[in-house]
Amino acid sequence: MIDSSRASHQIVADLLAERTGQQLTESRRWRVASALAGVFREYGISNVDQLVCLLDEPRRRSSDRDLATEVVEALLNNETYFFRDKATFDQLPADILPLLAERRRETRRLTIWSAGCSTGQEVLSLAMLFAEQKERWAGWTIDILGTDVSHKAIGAARTGLFSQFEIQRGLGVAQMLRHFEETPAGWQIHEEVRRITRFQQHNILSEPPLRQPVDLILCRNVLLYFDQATRRRAFARLAGALAPDGFLMLGAGETVVGQTEAFVPADRRASIYRPALPASRADCPGPAATSRTGWVVSPG
């Protein structure tokens with residue numbers, strides 16, 4: 001493959017940052033050619049210099065699914081799997097969800113936002129927790145929203161269909177058989193799990209996708225790709241979406257310490273944070289929301 005110029009790589013990096021806020025750092029640029037291999041094949045080109053020439057043609061920017069969008073989609077890291085980082089994830093059913101259930105006992109509503117949900121495994125992992133505790137959550141309105149900047153990832157998430165490789169990552173055989181049906185096209189999530197979930201394309205740097213305060217936000221391994229200034233903007237958006245007594249879960253390699261004043265660690269919980277509020281407010285149940293979209297969990 002012909003070597004590409006540093007200037008061309010910078011143009012591609014700028015495109016990614018403009019569309020998503022993500023930084024294509026020097027340590028990540030080695031994978032650009034492999035990430036774009038499919039785009040190269042489709043357009044009959046062999047390097048980033050040729051790609052930049054095509055990007056400069058006005059006709060390539062004439063539709064929503066243009067070449068620039070395809071390039072950005074190819075560069076995004078959509079790595080995910082069910083119950084990812086299980087030791088961290090297990091804090092939700094063991095600690096966080098029971099605590100939120102107590103705080104929302106009057107409204108019997110929970111709103112959860114998975115920001116950067118990729119192809120949906122994290123959202124469905126959450127939904128499985130509720131499906132496996134039907135009696136506990138009977139009569140509750142549960143709304144789990146998954147968002148991602150990738151149009152392609154959200155499209156895949158909405159299908160609820162996974163390959164053999166995807167279904168085996170993070171799930172035991174019993175969970176596979178309990179929550180999925182094997183079909184000729186792949187493993188399809190059961191409707192009773194999917195019905196409390198929904199997905200939409202969204203950039204975390206934009207206005208929050210929900211009008212009401214969110215009780216729990218999962219934003220794992222998303223902020224790693226932002227520079228410090230962009231990360232602070234993202235934290236501000238997350239803080240603006242979260243209820244005063246809600247929780248934020250980050251990835252194992254992420255922290256709020258030294259990054260934002262909007263959040264503080266939630267006691268000794270790993271990767272769990274709460275809004276930086278006086279303890280007296282953080283420990284009080286939040287106000288009932290006046291308008292929520294969700295589905296009622298029945299004992300079924």
Side-chain angles (χ1 to χ4, degrees), residues 19-21 64 92 96-97 99-118 120 122-127 129-130 137 139-151 153-155 157-158 160 193-220 222-223 226 230-250 256 260-264 266 272-278 281-298:
R19 295 287 187 94
T20 71
D64 289 339
L92 298 181
I96 301 302
L97 290 180
L99 182 55
L100 287 173
E102 176 61 24
R103 293 179 177 180
R104 303 294 183 266
R105 63 185 181 276
E106 294 184 5
T107 62
R108 298 173 73 82
R109 295 174 179 270
L110 275 184
T111 301
I112 301 174
W113 175 21
S114 171
C117 70
S118 186
E122 180 171 88
V123 170
L124 295 178
S125 297
L126 288 163
L129 296 180
F130 290 99
W137 298 101
W140 280 70
T141 299
I142 308 296
D143 181 19
I144 308 175
L145 172 65
T147 68
D148 199 277
V149 72
S150 169
H151 175 90
I154 288 298
R158 285 173 174 159
V193 177
R194 184 161 60 168
R195 68 190 177 91
I196 63 171
T197 70
R198 55 198 177 100
F199 298 92
Q200 73 179 63
Q201 187 177 13
H202 175 264
N203 189 327
I204 194 175
L205 300 175
S206 304
E207 287 288 334
L210 292 158
R211 294 181 180 179
Q212 70 275 6
V214 181
D215 302 306
L216 171 64
I217 299 176
L218 287 81
C219 183
R220 302 200 292 166
V222 176
L223 306 181
F226 295 161
T230 306
R231 198 174 299 128
R232 290 183 68 86
R233 288 173 54 202
F235 276 125
R237 292 298 192 189
L238 295 172
L242 193 62
D245 61 344
F247 293 99
L248 168 68
M249 173 179 277
L250 298 180
V256 304
T260 177
E261 291 76 46
F263 293 96
V264 294
I272 305 289
Y273 303 90
R274 63 172 177 81
L277 299 170
R281 284 190 61 190
D283 291 339
C284 293
T290 57
S291 175
R292 290 186 184 238
T293 300
W295 293 260
V296 176
V297 178
S298 62

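The first residue of the sequence shown is numbered 1, and numbering continues consecutively from there. All values below were derived from every heavy atom in this structure, side-chain atoms included, with hydrogens, water molecules and symmetry-related copies excluded.
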Looking only at heavy atoms, which two atoms of P208 and A241 are closest? And how far apart?
CB-CB, 3.7 Å

Within the structure provided, determine whether D143 and T141 are in side-chain contact (heavy-atom separation under 4.5 Å).
no

So, H202 side chain and A115 main chain: donor-acceptor pair closer than 3.5 Å or not?
no

Looking at every heavy atom in both L205 and T20, which two are closest together, and how far apart are they?
CD1-O, 4.1 Å

Beyond-backbone contact of V256 with V264, side-chain heavy atoms, under 4.5 angstrom:
no

Is it true that a side-chain atom of D148 and a backbone atom of Q201 form a donor plus acceptor pair closer than 3.5 Å?
no

Interatomic distance, CH2@W113 vs CG@L216, rounded to 0.5 Å, equals 12.0 Å

Would you indicate whether the side-chain heavy atoms of C117 and I154 approach each other to under 4.5 Å?
yes

Do the side chain of R237 and the main chain of S206 share a donor and acceptor less than 3.5 angstrom apart?
yes

Flag the pair L242 / F247 as yes when at least one side-chain heavy-atom distance between them is below 4.5 Å, and no otherwise.
no

Minimum side-chain heavy-atom gap V149-I204 below 4.5 Å:
no

So which heavy atom on P244 is nearest to which on P275, and how close?
O-CG, 3.6 Å

For the atom pair CZ (R104) and OG1 (T111), what is the distance rounded to the nearest 0.5 Å?
9.0 Å

List the atom of L124, the atom of V193, and the distance in Å for their closest heavy-atom pair.
O-CG1, 4.2 Å

Heavy atoms only: give me the nearest S114-V123 pair and the separation to one decimal.
CB-CG2, 3.6 Å

To the nearest 0.5 Å, how far apart are CZ in R220 and CE in M249?
6.0 Å

Under the 3.5 angstrom rule, does the side chain of D215 hit a backbone N or O of L100 as a donor-acceptor pair?
no

To the nearest 0.5 Å, what is the distance between CG (L92) and CG (L99)?
11.5 Å

Just how far is it from atom SG of C219 to atom CZ of F235, taken to the nearest 0.5 Å?
7.5 Å

Closest approach of G116 to V222 (non-hydrogen atoms, all atoms of both residues):
CA-CG2, 3.9 Å

List in chain and number order the residues that pass salt bridge (charged side-chain N to carboxylate O under 4.0 Å, His left out) with R231, two or more places apart in sequence or in another chain; answer none if no residue qualifies.
none

Going by atom types alone, do Q200 and T147 pair a side-chain donor with an acceptor below 3.5 Å?
no

Determine whether I144 and L110 make a side-chain contact, defined as any pair of heavy atoms from C-beta on separated by less than 4.5 Å.
no

Given 3.5 Å as the limit, does a donor-acceptor pair link the side chain of T260 with the main chain of A262, or not?
yes

Between R158 and G155, is there a donor-acceptor pair closer than 3.5 Å when you use the side chain of the first and the backbone of the second?
no

Tell me whether the rings of F130 and W137 are parallel (<30°), tilted (30 to 60°) or perpendicular (>60°).
perpendicular

To the nearest 0.5 Å, what is the distance between CZ (R232) and CZ (F226)?
14.5 Å

Evaluate the side-chain proximity of L129 to L97: yes if any heavy-atom separation is below 4.5 Å, no if none is.
yes

Donor-acceptor under 3.5 Å (R274 side chain, G246 main chain)
no

Taking the side chain as every heavy atom from C-beta outward, state whether L126 and I196 have any pair of such atoms under 4.5 Å apart.
no

